[in-house]
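Bear in mind the structure is a predicted one, so any value in this text is a computation, not a measurement.
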Amino acid sequence: MPKYLGLRDPLRALRVHQTASARLQTGALQAEPPWYRVVAEYPPSTTLVRTLPIAQPKKPRSTAKGSRLEPIIDNGRQTLKKKSSSLYKPQKIWYPEDAIREWFFKDHPWELARPRILVENDGNDGKNYDWSKLMQKNKQLDGESVVQRALYMMEVEGRNSKDAYDVARKEFYRLRMKQDIQRRIAREEAIAVGANFGLSYMEISLENEGKIIDQWRTEALADFNLRMNKKASAISDSGEGEEAEVEEATPLAGVFGR
């Protein structure tokens, strides 16, 4: 660092020329720095020093002894014991529909398991639909439809969030039941004309579970018989022949029978 700038001079970009001019007038600087006239002709327009973000509104906290924001007196000045850890965190962005979205997926968690189309044209596809009705022609029925429908009723019809969500939720139930009925009728019509859909996912799962249980029963029965035969052989070797014959005559297969 040049000597004419000083070792500990924290000059900011917007005040560097002003500070240098003042030092030239007082004699602190003996000569103009090489950049002096350039900065005077083309002054910097922005500062590179990071400024603090706008303080977020927070709920009042207790200032009891031992709390995080306990004030202390240092040389007549009141300061905070510890700075907030969220000083440089971005502010929380909140939209009115966030609460409705949270209510819906909390009441219907399985809706998140349904396949969804995430591709959009410009990111504002939801604004291109007429949300005076819940069912749209080119959009599948999902939780976001309920959110947009409730938001429409809040903005246009003047309903509060609870009433709008309740109305949209009931419309969603009616349309879901209608879709289920249509799928069931289509399946029955297809079967009537000879279509074969095979086993359902539930029937396949039960069949696989039954195979595993039968395999376990066979292996457990074989292991049980082997243990009983070893025990009978040990008893036979010790001279208790009659008891061994009685045990061998015991029907072992009935232990694991259905």
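A distance-only check finds no donor-acceptor pair linking the side chain of Q25 to the backbone of A22 [under 3.5 Å]. Side-chain atoms of N229 come within 3.5 Å of backbone N or O of N225 as a donor-acceptor pair. D142 places a side-chain N or O within donor-acceptor distance of the main-chain N or O of S145, the cut-off being under 3.5 Å. With T26 contributing its side chain and R23 its backbone, the two residues share a donor-acceptor pair below 3.5 Å. With E32 contributing its side chain and L29 its backbone, the two residues share no donor-acceptor pair below 3.5 Å.
In summary, E144 and R101 engage in a salt bridge, as defined by a charged side-chain N under 4.0 Å from a carboxylate O.
Pairs passing the ring-ring contact (aromatic ring centres under 6.0 Å, His included) check and including a residue from residues 137-167, sequence neighbours excluded, read W103-Y165. Residue pairs meeting the ring-ring contact (aromatic ring centres under 6.0 Å, His included) criterion with at least one member in residues 169-190, sequence neighbours excluded: F104-F172, H108-Y173.
The two residues A168 and R149 come nearest to each other via the heavy atoms CB-CG, 3.8 Å. Scanning all heavy atoms of the two residues, the minimum distance from F105 to G143 falls at CZ-CA, 4.2 Å. In terms of heavy atoms, V16 sits closest to W35 at CG2-CH2, 3.5 Å.
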Stepwise salt bridge (charged side-chain N to carboxylate O under 4.0 Å, His left out) test for R217 and D214: CA-CA 5 Å; R217 182 183 293 107; D214 292 339; 3.0 Å; yes

Worked verdict on K162 versus D166 for salt bridge (charged side-chain N to carboxylate O under 4.0 Å, His left out): CA-CA 6 Å; K162 290 288 186 180; D166 191 54; over 6 Å; no

Test log, rule side chain to side chain contact (heavy atoms under 4.5 Å, CB included), inputs K139 and Q148: CA-CA 12 Å; K139 185 183 183 306; Q148 296 298 329; over 6 Å; no

Criterion side chain to side chain contact (heavy atoms under 4.5 Å, CB included) on E209 and I212, from CA distance to verdict: CA-CA 5 Å; E209 183 179 357; I212 298 298; 5.8 Å; no

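By the 6.0 Å contact criterion, CD on E102 is open, its count of non-hydrogen atoms from other residues, nucleotides or ligands being 12 or less.
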Determine all donor-acceptor pairs shorter than 3.5 Å in which one atom belongs to a side chain in residues 182-194; sequence neighbours excluded.
| from | atom 1 | to | atom 2 | distance (Å) |
| --- | --- | --- | --- | --- |
| R183 | NH2 | D180 | OD1 | 2.2 |

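In this structure, NZ in K133 is found 12.0 Å from OH in Y129, a value given to the nearest 0.5 Å. The line from CG of L175 to NZ of K170 is 14.5 Å long, rounded to the nearest 0.5 Å. Taking CE of M153 as the reference point, atom CG of L151 lies at 9.5 Å (rounded to 0.5 Å). Here CG of L24 is found 8.5 Å from NE2 of H17. Values are rounded to the nearest 0.5 Å. Atom-to-atom distance recorded for K178:NZ and I181:CD1 is 9.5 Å, nearest 0.5 angstrom. Atom CD1 of I100 is separated from atom CE of M154 by 4.5 Å, given to the nearest 0.5 angstrom.
Under a 4.5 Å side-chain heavy-atom cut-off, the cluster of Ile, Leu, Val, Met, Phe, Trp and Tyr residues that includes I204 is completed by L199. Y95 belongs to a hydrophobic cluster whose other members, connected by ILVMFWY side-chain contacts under 4.5 Å either directly or through intermediates, are I93.
Residues F224 and L226 fall into different hydrophobic clusters, defined by Ile, Leu, Val, Met, Phe, Trp and Tyr side chains chained together at heavy-atom separations under 4.5 Å.
With sequence neighbours left out, R176 forms a salt bridge (charged side-chain N to carboxylate O under 4.0 Å, His left out) with E111.
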